[in-house]
Amino acid sequence: MPELPEVETIVRELKPLLTEKKILSCTILRDTYLETDDPEDFVKQIEGRVILAVERRGKYILWKLAHGTIVSHLGMTGKFIRLAKDDIIPKHTIAIFRFDGFNLILNDMRRFGLLLFAPAGTTPGPIESLGPEPFSEELNPDYLAEMFKVRSRPVKEILMDQGIIAGLGNIYACEVLFRLKIHPLMPGSHFPAARLPQLITVIREVLNEAIEHAGTTISDYKRVDEKSGEYQDMLMVYGREKEPCKVCGTAIVRETSNGRSAFYCPSCQLM
DNA sequence: AGCGGAACCTGTCGGC
DNA sequence: TGCCGACAGGTTCCGC
């Protein structure tokens with residue numbers, strides 16, 4: 001569901017809500033969701049603790065406590081919803097976090113997400129293996145040249161590989177490649193090295209624009225206040241199979257690659 | 001090492 | 001109306 005812009009939007013909304021607030025209590029409704037066989041320990045670790053900061057790393061949401069970090073990933077359908085104390089708990093709720101004056105719930109219909117507590121000094125495996133943040137200096141043409149050079153897989157898959165760049169998913173990978181006029185199935189090793197600086201610029205442009213529009217809502221993604229994002233109206237190719245390309249009018253094509261749909265304009269985007 | 005495919009879940013939509 | 005298959009913002013694991 002959520003890619004970097006959606007997670008960034010949620011983190012920005014959680015910050016003023018949770019920073020300096022104490023977790024009064026926590027109830028886990030689906031304990032198999034937790035990355036631990038001891039859900040009671042998770043609750044024990046966090047109850048009564050104060051959230052010092054809320055941060056994002058890739059598509060992961062981090063609540064920093066003095067003695068560790070609560071790590072969550074929203075998978076495809078996860079969301080945090082702010083509820084009044086007496087509101088009915090919706091279907092598919094995973095966890096309830098109670099604060100002074102409100103409850104925050106984690107809800108995830110398909111249960112592809114993740115929730116864990118990482119004690120201070122430890123880094124959970126999935127975060128350890130993340131590549132650089134798109135807005136960091138570590139993402140530079142030299143680094144990407146190394147990554148692309150040896151890979152035969154399609155550029156779209158490389159852009160979506162969290163170990164190479166953290167945060168891009170199917171929507172924004174498709175949109176970035178449309179803007180570059182590069183075919184999503186072009187082998188990574190064929191990507192012209194001279195265009196790597198432009199690739200980085202476009203990744204940042206697309207992500208920034210999506211963040212400004214509070215992310216993309218196709219069906220499930222909702223903000224903490226249940227409002228939708230606005231970037232779906234700006235999408236050029238994602239989800240637009242058979243619609244005319246907004247640049248040249250050719251029908252947009254959908255093609256499956258590695259189990260995911262690649263959307264592209266067959267005349268604008270070249271191998 | 002890198003790649004493709006399946007698996008993990010539930011819901012929705014389109015076609016017959 | 002109803003059933004069935006395809007598909008959905010993701011990640012991980014397994015076998016080649």
Side-chain angles (χ1 to χ4, degrees), chain A residues 1-11 29-35 56-61 71-80 90-94 106-116 124-131 134 146-177 184-189 203 206-207 209-211 213-223 228-242 253-263:
Chain A
M1 162 223 212
E3 306 180 32
L4 188 151
E6 291 75 36
V7 176
E8 179 64 26
T9 300
I10 289 167
V11 163
L29 301 179
R30 300 211 85 107
D31 51 11
T32 55
Y33 193 90
L34 293 182
E35 288 288 298
R56 178 190 61 73
R57 173 75 174 99
K59 301 173 189 172
Y60 291 83
I61 297 170
V71 178
S72 58
H73 188 294
L74 299 176
M76 292 276 244
T77 53
K79 46 192 131 183
F80 282 108
K91 198 175 171 182
H92 301 128
T93 294
I94 306 294
L106 172 61
N107 186 281
D108 185 357
M109 180 182 74
R110 287 177 74 183
R111 290 183 245 152
F112 284 178
L114 164 155
L115 180 64
L116 61 81
I127 291 192
E128 184 89 65
S129 59
L130 287 177
E146 285 300 310
M147 293 296 117
F148 277 73
K149 194 166 69 181
V150 296
R151 279 166 234 259
S152 63
R153 31 196 313 233
V155 284
K156 185 177 82 85
E157 289 178 33
I158 296 175
L159 293 182
M160 289 173 66
D161 186 330
Q162 302 303 298
I164 296 175
I165 308 173
L168 287 176
N170 208 15
I171 294 178
Y172 299 110
C174 289
E175 295 298 314
V176 163
L177 291 170
L185 303 185
M186 172 192 281
S189 52
I203 287 172
V206 168
L207 293 177
E209 287 171 25
I211 291 168
H213 292 267
T216 300
T217 296
I218 305 289
S219 62
D220 295 297
Y221 160 67
K222 287 283 162 55
R223 302 201 256 151
S228 296
E230 307 291 340
Y231 194 70
Q232 57 277 10
D233 302 332
M234 327 257 307
L235 298 175
M236 301 295 277
V237 285
Y238 184 87
R240 303 211 180 278
E241 184 185 12
K242 293 180 181 152
V253 168
R254 180 168 68 87
E255 190 167 345
T256 300
S257 155
N258 199 19
R260 313 295 300 277
S261 288
F263 294 91

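The sequence lines fix the lettering, A, B, ..., with proteins before strands; numbering per chain opens at 1.
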Could you work out which one of [options] sits closest to the side chain of [X]?
X: A/Tyr60; options: C/dT11, B/dC3, B/dC8; value: C/dT11
X: A/Arg153; options: B/dG2, C/dC7, C/dT12; value: B/dG2
X: A/Arg254; options: C/dT11, B/dC9, C/dA8; value: C/dA8
X: A/Tyr238; options: C/dA8, C/dT12, B/dC9; value: C/dA8

For [X] and [N], what is the distance between atoms [atom1] and [atom2] respectively, to the nearest whole Å?
X: A/Asp220; N: B/dG11; atom1: CG; atom2: C1'; result: 8 Å
X: A/Lys59; N: C/dT12; atom1: NZ; atom2: P; result: 10 Å
X: A/His73; N: C/dG10; atom1: NE2; atom2: C1'; result: 6 Å
X: A/Tyr172; N: C/dG10; atom1: OH; atom2: C1'; result: 15 Å
X: A/Met109; N: C/dC7; atom1: CE; atom2: C1'; result: 12 Å
X: A/Asn258; N: B/dA6; atom1: CG; atom2: P; result: 11 Å
X: A/Ile171; N: C/dC7; atom1: CD1; atom2: P; result: 17 Å
X: A/Leu74; N: C/dA8; atom1: CG; atom2: C1'; result: 16 Å

Taking only the [atom1] atom of each, what is the distance from [N] to [M] in whole angstrom?
N: C/dG5; M: B/dA6; atom1: P; answer: 16 Å
N: C/dC14; M: B/dC9; atom1: P; answer: 16 Å
N: B/dA1; M: C/dG10; atom1: P; answer: 26 Å
N: B/dG5; M: C/dA6; atom1: P; answer: 15 Å

For [X] and [Y], which heavy atoms make the closest approach, and how far apart are they?
X: A/Ala166; Y: A/Gly58; value: CB-CA, 3.7 Å
X: A/Pro5; Y: A/Ile211; value: CA-CG1, 3.7 Å
X: A/Val237; Y: A/Cys174; value: CG2-O, 3.7 Å

- Query: Does any non-hydrogen side-chain atom of A/Gln162 lie less than 4.5 Å from one of A/Tyr60?
  - Reply: no

Are [X] and [N] close enough that a side-chain N or O sits under 4.0 Å from OP1 or OP2?
X: A/Ser219; N: B/dG11; answer: no
X: A/His92; N: B/dG11; answer: yes
X: A/Thr77; N: B/dG11; answer: no
X: A/Lys91; N: B/dG11; answer: yes
X: A/Gln162; N: C/dG10; answer: no

- Message: Mind checking if A/Gly169 touches a base, just sugar-phosphate, or nothing, with heavy atoms under 4.0 Å?
- Response: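 Here A/Gly169 touches the backbone only, sparing every base.
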
- Is the aromatic ring of A/Phe112 within stacking range of B/dC8, meaning centres under 5.5 angstrom and planes under 30 degrees? yes

- Where each residue is assigned the nucleotide of DNA chain C containing its nearest heavy atom, which of A/Thr256 and A/Arg260 is assigned the position nearer the 5′ end? A/Thr256

- Has the side chain of A/Arg110 got a donor or acceptor that lies under 3.5 Å from a partner of the other kind on the base of B/dC9? yes

- Task: May I ask you to decide whether A/Arg153 forms a salt bridge with A/Asp161, counting only side-chain N to carboxylate O separations under 4.0 Å?
- Result: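 Yes, charged N to carboxylate O under 4.0 Å.
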
- If we ignore angles and hydrogens, is there a donor and acceptor under 3.5 Å between the side chains of A/Arg223 and A/Thr9?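 Looking only at side-chain atoms, A/Thr9 and A/Arg223 do not form any donor-acceptor pair under 3.5 Å.
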
- In the structure shown, which nucleotide is the Watson-Crick or G-U wobble counterpart of C/dA8, with both distances under 3.5 Å?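 Check on C/dA8: paired to B/dT10, both distances under 3.5 Å.
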
